[in-house]
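A short write-up of the structure that comes next.
Note that the structure is a prediction, hence the values are computed from the model and not measured. Only this structure's heavy atoms are used, side chains among them; waters, hydrogens and symmetry mates stay out. Just so you know, residue 1 is the first one in the sequence shown, and it goes up from there.
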Amino acid sequence: MKKGLLTLPILATTIAATFISSYSTAGVYTDDLSKCLVASTTVTDRNNLVRWMFAAAAKHPAVSEIVTVTPEVMEQTNKTMGDLMNRLLLVSCKTETKEAIKYEGGTTIEASFQVLGQVAGRELFSNPAVAESLSNLDKHIDSAALEKLLN
């Protein structure tokens, strides 16, 4: 079955990129911190990050009518994320955190967590159930017109 130009992997990557913070140029210490964050997290940790991002995004007026996050759930996701950040920055990646802030400033934490968020987002969108849901978008895209435009 031909999917046209917008194959599932391309589509999933495009949509995932929509939910992930924009790329920013990082220095060597930010790179080290980013690598440590990714290496020091489990699938459960990254799923908790995704849950936290999703719960926070659910408060946006554009989606708040289709998703409800109770104050209790939001508080729990904030606590779980706070515990994760404390463990990563103050224990698992303590040296990398100190070096990155010392040489590249406080924005290094945001940049490093963007990388971790990208990894977590890729895991989210590679889940078979999510991928199948995304593949249903193909039937609403005029692939022939898009191919014609690009050729």
Side-chain angles (χ1 to χ4, degrees), residues 1 3-141:
M1 175 167 70
K3 293 274 188 184
L5 280 176
L6 294 178
T7 62
L8 182 59
I10 294 170
L11 181 60
T13 302
T14 302
I15 293 173
T18 304
F19 293 101
I20 310 288
S21 298
S22 63
Y23 173 78
S24 61
T25 304
V28 66
Y29 294 98
T30 301
D31 287 344
D32 289 346
L33 178 56
S34 299
K35 289 175 192 174
C36 185
L37 294 179
V38 173
S40 300
T41 55
T42 64
V43 171
T44 299
D45 292 332
R46 291 186 296 275
N47 284 342
N48 286 334
L49 172 59
V50 168
R51 284 177 53 88
W52 175 76
M53 291 187 305
F54 184 85
K59 299 297 185 181
H60 191 281
V63 296
S64 63
E65 69 183 40
I66 60 173
V67 178
T68 301
V69 176
T70 66
E72 296 80 20
V73 168
M74 192 70 240
E75 180 60 28
Q76 183 57 50
T77 59
N78 279 331
K79 181 186 180 324
T80 301
M81 189 61 196
D83 291 345
L84 176 61
M85 289 184 74
N86 286 333
R87 178 174 55 84
L88 292 172
L89 297 174
L90 304 174
V91 179
S92 303
C93 302
K94 182 177 182 175
T95 301
E96 292 84 354
T97 300
K98 284 176 69 173
E99 294 291 307
I101 291 171
K102 179 179 178 182
Y103 294 109
E104 296 175 2
T107 59
T108 189
I109 292 174
E110 179 184 346
S112 296
F113 272 92
Q114 283 180 358
V115 172
L116 181 58
Q118 290 169 350
V119 170
R122 278 193 297 273
E123 288 176 357
L124 171 77
F125 285 97
S126 68
N127 175 278
V130 175
E132 182 174 332
S133 180
L134 292 174
S135 72
N136 291 324
L137 179 61
D138 282 355
K139 64 185 175 190
H140 300 285
I141 294 176

Can you list the steps and then say if F113 with L89 is a side chain to side chain contact (heavy atoms under 4.5 Å, CB included)? CA-CA 10 Å; F113 272 92; L89 297 174; 3.8 Å; yes

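Remark: L49 CG to L124 CG distance equals 10.5 Å, nearest 0.5 Å. N48 contributes atom CG, which lies 11.0 Å from atom NZ of K79 (distance to the nearest 0.5 angstrom). A distance of 3.5 Å separates CE of M74 from OG1 of T77, quoted to the nearest 0.5 Å. The OG1 atom of T42 sits 8.0 Å away from atom CG of L84, with the distance rounded to the nearest 0.5 Å.
With sequence neighbours excluded, the residues that form a side chain to side chain donor-acceptor pair (under 3.5 Å) with T30 are E104, T108. By the side chain to side chain donor-acceptor pair (under 3.5 Å) test, T80 pairs with Q76, sequence neighbours left out. The side chain to side chain donor-acceptor pair (under 3.5 Å) search around K35 returns none, not counting sequence neighbours. Listed by chain and residue number, Y29 satisfy the ring pair (Phe, Tyr, Trp, His ring centres under 6.0 Å) test with Y103 (two or more places apart in sequence, or in another chain).
A 4.5 Å side-chain heavy-atom check between V67 and F54 finds at least one atom pair inside the cut-off.
Contact record, V115 with S34: CG2-OG, 3.7 Å, taken as the closest heavy-atom pair. For the residue pair G117 and M53, the shortest heavy atom distance occurs at O-CE, 4.4 Å.
Counting only residues at least two apart or on different chains, the side-chain hydrogen bond (donor to acceptor under 3.5 Å, both in side chains) pairs with a member in residues 51-68 are W52-N78. Judged as a side-chain hydrogen bond (donor to acceptor under 3.5 Å, both in side chains), the pairs with a partner in residues 86-100 (not counting sequence neighbours) are, in order, D45-R87.
At least one donor-acceptor pair under 3.5 Å links the side chain of S126 to the backbone N or O of E123. For the pair T41 (side chain) and V38 (backbone), a donor-acceptor distance under 3.5 Å is present.
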